[in-house]
> 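Below is the structure I would like to discuss, written out as structure tokens.
Any value given below was found using the heavy atoms of this structure, including those in side chains, with hydrogens, waters and symmetry copies removed. Values in this document were obtained by computation on a predicted structure and should not be read as measured data.
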Amino acid sequence: MRLLSLLSGRDPARRTRKPVRPRNHTRAWATGLAYVVAAASVPVIALGATVTPAVAAPLPGGLGPCVPGDCPDPYPPVGNGPIAGRDNGINIFAGGDYRVRGRAAEAEGRIVVLGDFDQNKGSGGSAVYNVGIVGVGSRVPPPNGADFLTTGGNVSVAAGQRLLAEGGVVRHAGTATGTIAGTVVADPDAAAPYSALRGELTTASQCYARNDTGPRPATGTAVNQGGQTLFTGDNTSALQVFNVDFDMTTSTGAQQGLVFRNIPAGATVLVNVLGTTRTLSTYSGGIADTDPLNQLRPRLLWNFPDATTVNLAGTGQFQGSVLIGNPASEATITLPGVNGRFFTTGSLTHTSAASGGGGQEFHSYPFDGDLPDCAAPVVQAPVTVVKKDAESGEVLPGAVFELWEETNGVAGLQTTGAVPDTQVGASCTTGANGECSKTVNLGMYYWLETAAPPGYELPPQTVYGPVTLTPEQVPAGVTITVENQETPVTGSVKVVKKDAESGEVLPGAVFELWEETNGVAGLQTTGTAPDTQVGASCTTGANGECSKTVNLGMYYWLETAAPPGYELPPQTVYGPVTLTPEQVPAGVTITVENQETPVTGSVKVVKKDAESGEVLPGAVFELWEETNGVAGLQTTGTVPDTQVGASCTTGANGECAKTVETGTYYWRETAAPAGYELPAPSVFGPLVLTDENATAGVAVTAQNTKSPVPQKDSTIKVAKTDAKNGKPLAGAVFELWRESNGITGLQTRPTGTVPPDSRTGPGCSTDRAGLCVFDDLPLGSYYLRETAVPEGYVLPANPVKGPYVITEQNAGETVTVKIANKRGEPGKGK
């Protein structure tokens with residue numbers, strides 16, 4: 001008991017507090033961190049009322065009170081006077097990581113972090129963070145030479161910053177980097193004495209918030225009145241319990257006051273803050289002893305049993321101790337001062353508000369309250385694993401198991417890392433009965449198989465559990481049966497890659513091997529139940545081979561990359577390849593082929609003015625490949641030639657170009673530049689791209705003459721509707737862009753030397769009829785870009801529509817584009 005008390009920062013033999021507790025109270029925690037406290041039971045009198053004695057206990061591990069030898073009584077208010085005493089108790093505990101950010105300044109008292117301590121403050125403030133002894137606080141630091149900061153992980157201090165632990169020790173299990181003032185000690189077991197505290201604090205936090213029937217009954221009420229949250233006690237109970245299921249902020253999220261009424265003198269105040277995400281933002285709390293919250297501070301505990309996110313903010317000097325029980329939690333502290341113990345089973349970030357300010361501090365003040373007694377007798381029973389043959393069901397001796405207890409609050413088994421689960425005793429080898437068994441406390445456990453029985457192999461999943469031991473399973477315990485497969489017969493499956501014409505082997509092809517496991521014919525690599533990939537990818541070597549040793553079964557080779565200079569075939573899956581017992585000695589080999597990558601080059605058309613020779617943007621062309629064996633271009637009929645990709649509009653350089661394989665091609669002009677007329681004929685070619693001219697490419701110049709008569713201007717009309725009921729929508733905003741840079745699709749910003757397309761006029765907002773009109777448009781290709789939607793609606797996934805091509809054939813007409821918006825808020829469009 002004495003050793004444990006020192007490890008947890010408490011020596012019960014030298015206490016200075018004077019608690020009110022029932023006679024002969026015993027506090028026992030399941031992990032073995034235990035001590036006994038006996039005190040006379042006396043009534044507590046306040047304001048003429050008799051306080052009912054509480055069934056009470058301290059925090060786990062003796063946390064809370066000041067640890068002698070030199071505890072001041074009373075503690076001084078926050079200030080920068082001389083050292084007022086020494087306290088060897090833990091003031092801050094983090095079961096995860098501790099991060100220093102922004103302009104946070106200091107943390108008074110002893111700090112224990114099971115994970116990493118990471119200091120990386122923002123610019124514009126002090127580069128220093130003090131721990132242990134600070135400039136302003138209670139001025140009751142740890143004893144000289146004590147561990148000011150203890151970590152189970154690394155201590156990292158950013159370049160140009162300093163961590164000050166002068167007069168104390170920074171003890172770390174991981175690495176220590178950066179500038180640290182104080183004695184720095186590397187100790188792989190630095191946090192080991194405190195590892196059990198995380199689970200104990202989680203259990204205690206839940207116990208304080210709930211009993212066997214549900215939420216712990218409140219003795220008072222907590223009401224958020226907007227400008228303040230008012231806590232009204234019963235003026236009688238020695239333990240005043242409040243259950244809060246709301247954020248302690250104003251309706252707009254601003255800070256508010258915290259007011260307590262009808263709290264008997266000497267009573268402990270337990271505030272259970274329920275919910276997964278909670279914010280407390282307050283201006284309450286000062287540095288003077290006369291402040292009402294300061295008088296409650298030694299016996300005030302703010303308990304967050306479930307929260308994964310806790311934000312403590314505002315401008316006040318926060319009073320009271322904090323317990324956060326969820327190991328997966330993240331706590332962010334931006335208050336100027338936190339005055340009391342701070343215990344979180346998760347991680348915390350000490351920082352400053354984004355809006356500015358700095359100098360955030362933790363001040364060391366004890367918690368001397370009496371909390372609900374969460375003690376329970378230690379109940380144990382066996383947990384057993386039985387190892388059997390997967391086919392015969394016979395028990396198997398010689399399997400090796402480890403038993404691990406779930407202690408870190410993270411789902412599943414973690415055997416490594418900053419905060420692993422806890423191994424229970426040594427390894428166990430199954431005997432003649434095939435069993436391993438251990439007698440343990442109630443809780444959640446995992447069996448980890450580390451070695452299979454002789455002649456058998458480890459299964460893919462070696463962790464069994466969780467196995468939960470409950471009171472209902474005492475004394476029989478709980479047994480699970482796990483199976484092993486005999487070591488399988490294996491053989492080789494091989495793929496050989498060759499050139500489709502020469503038959504030469506090809507290095508550099510990449511393959512994946514997949515086993516047929518889902519019972520569906522053919523290879524499935526995705527979906528709910530895909531087949532199973534065997535190991536990593538394989539690249540064919542100088543012999544053109546990929547090979548894997550596998551169990552008997554059915555397999556597929558999947559080619560994911562062709563050899564350099566070759567292209568993937570249309571069918572990249574080869575198989576099934578079946579490995580049978582008869583084929584094991586020689587294995588199974590298949591040969592697959594690749595075609596060389598075809599030669600490609602550029603086919604270009606340059607559009608010019610027939611008289612001046614100037615290049616012309618805005619002409620629209622299609623590229624067609626000669627594929628039907630009939631001379632000239634055929635775009636219709638039973639067997640037309642083949643169009644290559646989408647249309648192309650000449651850019652500022654008057655060009656359209658496409659990279660294609662060798663062959664014969666035609667350019668077909670479908671729309672002339674604005675102010676010009678289509679030539680007759682409008683087909684240019686044939687252009688023959690060969691292996692010899694592919695590097696330089698082939699090009700043709702197409703000329704246009706200006707239109708003899710003024711062109712007809714055209715109109716594009718947008719009709720905006722509700723996607724659900726089709727009603728017109730006002731307030732949608734559109735831009736109209738003209739294709740002018742020769743690159744397919746809309747570009748609204750320059751890219752390198754390529755200019756954007758051309759914006760046509762100002763934006764347009766749909767009217768009450770849902771209409772938006774762009775008129776007086778010359779020939780060319782256009783895109784509509786939606787930039788804003790009516791209130792309560794959402795932009796389409798692709799806000800760009802088009803292209804819409806205006807040619808001489810449809811000039812003067814109106815192109816109507818119907819676009820619907822989905823609703824983004826309930827009730828819209830009614």
> For the atom pair CZ (Phe734) and OG (Ser765), what is the distance rounded to the nearest 0.5 Å?
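Rounded to the nearest 0.5 Å, the CZ-OG separation comes to 9.5 Å.
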> Determine whether a donor-acceptor pair (N or O, by modelled atom type, separation under 3.5 Å) exists between the side chain of Thr219 and the backbone of Val241.
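Yes; at least one donor-acceptor contact below 3.5 Å.
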> Once rounded to the nearest 0.5 Å, what's the spacing between atom NE2 of His363 and atom CZ of Arg297?
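His363 atom NE2 to Arg297 atom CZ measures 10.5 Å (nearest 0.5 Å).
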> For residues Gly369 and Thr268, report the shortest heavy-atom separation together with the two atoms involved.
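Distance-wise, the nearest heavy atoms are CA-OG1, 3.3 Å.
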> For Arg261, look at atom CZ and say whether over 12 heavy atoms of other residues, nucleotides or ligands are found less than 6.0 Å away.
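Check fails, neighbour count at 12 or below.
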> Would you tell me whether Gln256 and Asn224 have side-chain atoms, one donor and one acceptor, within less than 3.5 Å of each other?
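Their side chains do contain a donor-acceptor pair, which is all the 3.5 Å distance test asks for.
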> Under 4.5 Å between any side-chain heavy atoms of Val100 and Thr351, yes or no?
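Sidechains of Thr351 and Val100: no contact.
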> With no hydrogens and no angle check, do the side chains of Asp306 and Asn326 hold a donor and an acceptor under 3.5 Å apart?
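Short answer, no.
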> For the residue pair Glu106 and Gly135, what are the closest heavy atoms and their distance?
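That would be OE1-N, 3.4 Å.
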> For the side chain to side chain contact (heavy atoms under 4.5 Å, CB included) test, which of Leu258, Asn294, Val338 pairs with Gln319?
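Testing Gln319 for a side chain to side chain contact (heavy atoms under 4.5 Å, CB included) against Leu258, Asn294, Val338 leaves exactly one candidate, Asn294.
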> Among Asn262, Asn235, Thr232, Asp234, which one satisfies side chain to side chain donor-acceptor pair (under 3.5 Å) with Gln240?
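Testing Gln240 for a side chain to side chain donor-acceptor pair (under 3.5 Å) against Asn262, Asn235, Thr232, Asp234 leaves exactly one candidate, Asp234.
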> When you measure from the side chain of Glu406 to the backbone N and O of Gly409, does any donor-acceptor pair fall under 3.5 Å?
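Here the side-chain-to-backbone pair exists.
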> So, for His350 and Tyr98, which heavy atoms are closest and what is the spacing to 0.1 Å?
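In terms of heavy atoms, the two residues are closest at ND1-OH, 4.1 Å.
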> Nearest 0.5 Å, what's the CH2-CG distance between Trp737 and Leu746?
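Output value for this atom pair is 6.5 Å.
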> Ser138 vs Glu108, test: side-chain contact (heavy atoms from CB on, under 4.5 Å). Steps then yes/no.
CA-CA 8 Å; Ser138 67; Glu108 191 174 34; 3.3 Å; yes
> Using the salt bridge (charged side-chain N to carboxylate O under 4.0 Å, His left out) rule, take Asp722 and Arg823 through it: C-alpha gap first, then chi angles, then the decisive distance, then the call.
CA-CA 8 Å; Asp722 183 294; Arg823 304 173 186 178; 3.0 Å; yes
> Side chains of Val78 and Val136, heavy atoms from C-beta outward: is any pair under 4.5 Å?
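Val78 vs Val136: side chains touch.
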> Taking Thr721 for its side chain and Gly726 for its backbone only, find out whether a donor-acceptor pair lies under 3.5 Å.
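Flag not set: sc Thr721 to bb Gly726 has no pair under 3.5 Å.
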> Any side-chain heavy-atom pair from Pro799 and Thr787 closer than 4.5 angstrom?
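A side-chain contact under 4.5 Å is absent here.
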> For the pair Arg99 (side chain) and Thr332 (backbone), establish whether a donor and an acceptor sit closer than 3.5 Å, ignoring hydrogens and angles.
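Side chain of Arg99 to backbone of Thr332, a donor-acceptor pair under 3.5 Å: no, none is there.
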> Please walk me through it: do Leu323 and Phe304 pass side-chain contact (heavy atoms from CB on, under 4.5 Å)?
CA-CA 6 Å; Leu323 173 59; Phe304 298 79; over 6 Å; no
> Show the numbers, then the answer: is there a side-chain contact (heavy atoms from CB on, under 4.5 Å) between Cys207 and Arg216?
CA-CA 8 Å; Cys207 170; Arg216 184 168 294 280; 3.8 Å; yes
> Please report the interatomic distance CD1(Ile111) to CZ(Phe117), rounded to the nearest 0.5 Å.
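Reported value, rounded in 0.5 Å steps: 6.0 Å.
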> Does CZ belonging to Arg162 count more than 12 external heavy atoms closer than 6.0 Å?
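Not buried by this count: 12 neighbours or fewer within 6.0 Å.
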> Side chains of Glu166 and Asn130: closer than 4.5 Å at any heavy-atom pair?
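Glu166 vs Asn130: side chains apart.
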> Look up atom OG1 in Thr349 and atom CG in Asp97, then write down how far apart they are to the nearest 0.5 Å.
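The CG atom of Asp97 is 8.5 Å from OG1 of Thr349, to the nearest 0.5 Å.
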> Do side-chain atoms of Asp87 reach the backbone of Pro142 as a donor and acceptor pair under 3.5 angstrom?
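Between the backbone of Pro142 and the side chain of Asp87 there is no qualifying donor-acceptor contact (under 3.5 Å).
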> Using a 3.5 Å distance criterion without hydrogens, assess whether the side chain of Thr151 forms a donor-acceptor pair with backbone atoms of Val155.
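Checking the backbone N and O of Val155 against the side chain of Thr151, no donor-acceptor pair under 3.5 Å is found.
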> Ile819 and Glu786: which non-hydrogen atoms are nearest, and at how many Å?
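For Ile819 and Glu786, the tightest heavy-atom pair comes out as CG2-OE1, 4.0 Å.
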> Is there a donor-acceptor contact under 3.5 Å from the side chain of Thr203 to the main chain of Gly199?
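Yes: the side chain of Thr203 pairs with the backbone of Gly199.
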> Does some side-chain heavy atom of Arg198 sit less than 4.5 Å from a side-chain heavy atom of Thr407?
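No; the side chains remain at least 4.5 Å from each other.
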> Between Val271 and Val244, is the side-chain contact (heavy atoms from CB on, under 4.5 Å) condition met? List the steps.
CA-CA 7 Å; Val271 181; Val244 178; 3.8 Å; yes
> Of the non-hydrogen atoms in Val128 and Gln119, which two are nearest, and what is the gap between them?
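Of all heavy-atom pairs spanning Val128 and Gln119, the closest is C-NE2, 4.4 Å.
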> For the pair Thr345 (side chain) and Ile324 (backbone), establish whether a donor and an acceptor sit closer than 3.5 Å, ignoring hydrogens and angles.
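Judged by distance alone, yes, a pair lies under 3.5 Å.
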> Enter the distance from Thr315:OG1 to Gln255:CD here, rounded to the nearest 0.5 Å.
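Here the interatomic distance stands at 3.5 Å.
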> Between Pro141 and Ile83, is any pair of side-chain heavy atoms under 4.5 Å apart?
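In short, these two side chains touch, coming nearer than 4.5 Å.
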> Counting C-beta onward and ignoring hydrogens, is there a side-chain heavy-atom pair between Asp247 and Arg278 closer than 4.5 Å?
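Answer yes - side chains close enough.
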> With the side chain counted from C-beta on, respond yes when Trp302 and Met248 share a heavy-atom pair under 4.5 Å apart, and no when they do not.
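Yes, close enough: below the 4.5 Å cut-off.
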> Indicate, with yes or no, if the rings of Phe93 and Phe343 have centres closer together than 6.0 Å.
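No, they do not, as the ring centres are separated by 6.0 Å or more.
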> Classify the side-chain pair Ser281/Thr279 by whether it contains a donor and acceptor separated by less than 3.5 Å.
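No.
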> Would you indicate whether Lys801, at its atom NZ, is surrounded by more than 12 heavy atoms from other residues, nucleotides or ligands within a distance under 6.0 Å?
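Result for NZ/Lys801: enclosed.
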> For Asp368, is there any backbone N or O sitting under 3.5 Å from a side-chain donor or acceptor partner on Arg299?
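No, the answer is negative, given that no donor and acceptor are paired below the 3.5 Å cut-off.
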> For residues Ser329 and Ala307, report the shortest heavy-atom separation together with the two atoms involved.
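Heavy atoms of Ser329 and Ala307 come nearest at CB-O, 3.2 Å.
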> Would you tell me whether Tyr365 and Asn91 have side-chain atoms, one donor and one acceptor, within less than 3.5 Å of each other?
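Looking only at side-chain atoms, Asn91 and Tyr365 do not form any donor-acceptor pair under 3.5 Å.
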> Quick check on Ile287: does its CD1 atom have over 12 non-hydrogen neighbours (other residues, nucleotides or ligands) under 6.0 Å away?
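Check fails, neighbour count at 12 or below.
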> Donor-acceptor check, side chain of Asn272 to backbone of Tyr208, threshold 3.5 angstrom: yes or no?
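Such a contact is found between Asn272 side chain and Tyr208 backbone.
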